[in-house]
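First up is the structure itself, then whatever we jot down about it.
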Amino acid sequence: MTQEEVLAHVTEIFKNVLKKEQLNLTPETTAADVDGWDSLTHVMLIDAVENHYKVKFKLNEVIKFNNVGDLCACVIKKLSA
Amino acid sequence: MSRQITIKQATSADKDFIIETIIEAEKSGTDLLSYSAIFNITEQEFIYLLGQILEEDMIGQELCVSGFLIALVNGKYAAAICSWVEGEEGLSSMLKANALMYFLGKEKFLAAANAIKTIEELNIPREPGAIQLESIYTKKEFRGLGLSKKLIDEHINRHKLRLSAVSKAQIILMQNNLSATITYEKAGFHKYLEKTATTINIEKFLPGNSKLLMEKII
């Protein structure tokens, strides 16, 4: 799966969790860039991404998610493992 | 009797005093431990959870051993304060959420969604690039010795040495913690912002319904 494909899926997950019809995510997008991405929705987003891809992030992985690109890269790494 | 005051960097050997510090600072002079109220866990369960989180030593948020400086008086634990520079390791609120999610469990974290949304009303965003001082605590028998000011000054000096561009320090506290407010004013902080909740039941989860942001230009 390419980063573009994962980014497209993750964008849909974010739209669903954040209840936003319009949301443009890029690999550089951070929580500070998205209205409503707070600590609660952060956990909901991680949960939704894990459930969607049937993967489980480790603590030392999630704390290194500085932006959406890091999250997508980790998903790709887990799917290809 | 002369008092010898020593300031030292906390290590994992100081974990029990760090846990005491975080809990007492969180209670803010009341009996309410917000973590227990929000996540529906006992204080003992929170102590266990906190011990696990502290083992990870995740810098950039307040539940981190190496973020603490400790004041010893004649070799006895007397006071402690945590600090970090907001944004240096990511948003502190996200780092803490990651730790709580991992050790508490996602289900338990998400079960607290209503409580988290309730306290969100009192959320005061931390300014990226500003020093954040948190979990400020002095044991009763050592109050009045200026330990908080010494620890705050030491935290600020250490960050300034490391990051010369840092120009501001912030403290977020409950507005009803008047003695702490006076202490921070003596340390050069001024009240910058006050936020009061309109939600009636917020005091089920927090030791007050109003928060204060105090700042110091350094």
Side-chain angles (χ1 to χ4, degrees), chain A residues 6-7 9-20 23 25-78 81, chain B residues 34-35 38-39 49-64 66-67 84 86-130 172 205:
Chain A
V6 173
L7 182 62
H9 287 152
V10 165
T11 300
E12 290 307 309
I13 292 168
F14 273 48
K15 280 183 185 175
N16 192 33
V17 170
L18 297 170
K19 297 181 173 56
K20 287 182 187 295
L23 183 63
L25 295 183
T26 69
E28 292 74 34
T29 303
T30 68
D33 301 322
V34 180
D35 187 35
W37 186 351
D38 55 24
S39 56
L40 176 61
T41 50
H42 175 73
V43 174
M44 292 166 73
L45 290 165
I46 297 290
D47 186 47
V49 171
E50 285 186 338
N51 288 338
H52 179 82
Y53 288 105
K54 295 184 173 42
V55 296
K56 190 91 178 155
F57 299 123
K58 293 177 184 164
L59 178 61
N60 64 7
E61 290 171 333
V62 288
I63 62 174
K64 288 176 191 153
F65 292 170
N66 290 318
N67 53 36
V68 171
D70 292 338
L71 168 66
C72 294
C74 192
V75 168
I76 292 167
K77 188 178 159 194
K78 285 192 172 290
Chain B
S34 57
Y35 288 102
I38 292 165
F39 296 110
L49 170 73
L50 186 51
Q52 290 179 300
I53 294 174
L54 291 173
E55 287 287 327
E56 292 294 323
D57 205 30
M58 292 167 52
I59 54 174
Q61 48 90 39
E62 69 255 42
L63 309 180
C64 169
S66 60
W84 70 93
E86 181 64 16
E88 200 179 5
E89 303 293 330
L91 290 177
S92 58
S93 58
M94 299 299 167
L95 291 168
K96 194 164 83 164
N98 283 329
L100 289 167
M101 169 183 74
Y102 189 81
F103 289 108
L104 189 64
K106 273 184 300 186
E107 295 74 16
K108 196 107 184 165
F109 189 101
L110 294 174
N114 285 338
I116 295 169
K117 281 180 195 162
T118 300
I119 63 167
E120 194 69 23
E121 191 188 351
L122 270 190
N123 182 46
I124 297 177
R126 301 178 187 277
E127 185 174 314
I172 297 170
F205 305 113

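Lettering follows sequence order; numbering is per chain, from 1. This structure is a prediction, so every number in the text was calculated from the model and none was measured.
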Counting heavy-atom pairs closer than 4.5 Å to chain A, which one of [options] comes out on top?
options: B:Glu56, B:Met94, B:Met101; value: B:Met94
options: B:Gly90, B:Ala113, B:Ser93; value: B:Ala113
options: B:Leu91, B:Asn123, B:Leu110; value: B:Leu110

Review point. Looking at A:Lys15 and A:Glu12, does any basic side-chain N land under 4.0 Å from a carboxylate oxygen?
Key: yes
Exercise for review: Side chain from CB out, backbone as N, CA, C, O: work out which of these in A:Asp38 comes under 4.5 Å of a heavy atom of chain B, or both, or neither.
Suggested key: both
Practice item. State, to 0.1 Å, how close B:Tyr35 and B:Lys96 come at their nearest heavy-atom pair, and which atoms those are. Key: OH-NZ, 3.0 Å
Check your understanding: Nearest heavy-atom pair of A:Ile46 and A:Phe57: which atoms, and what distance?
Key -> CG2-CD1, 3.9 Å
Review point. In terms of heavy-atom pairs under 4.5 Å with chain B, which of A:Lys64, A:Lys58, A:Glu50 leads?
Key: A:Glu50
Review point. Using a distance-only test with no angle check, is there a side-chain donor-acceptor pair under 3.5 angstrom linking A:Asn67 and A:Thr29?
Key: no
Exercise for review: Evaluate the criterion side-chain contact (heavy atoms from CB on, under 4.5 Å) for residue pair A:Leu71 and A:Phe14; output intermediate values, then yes/no.
Suggested key: CA-CA 12 Å; A:Leu71 168 66; A:Phe14 273 48; 4.0 Å; yes
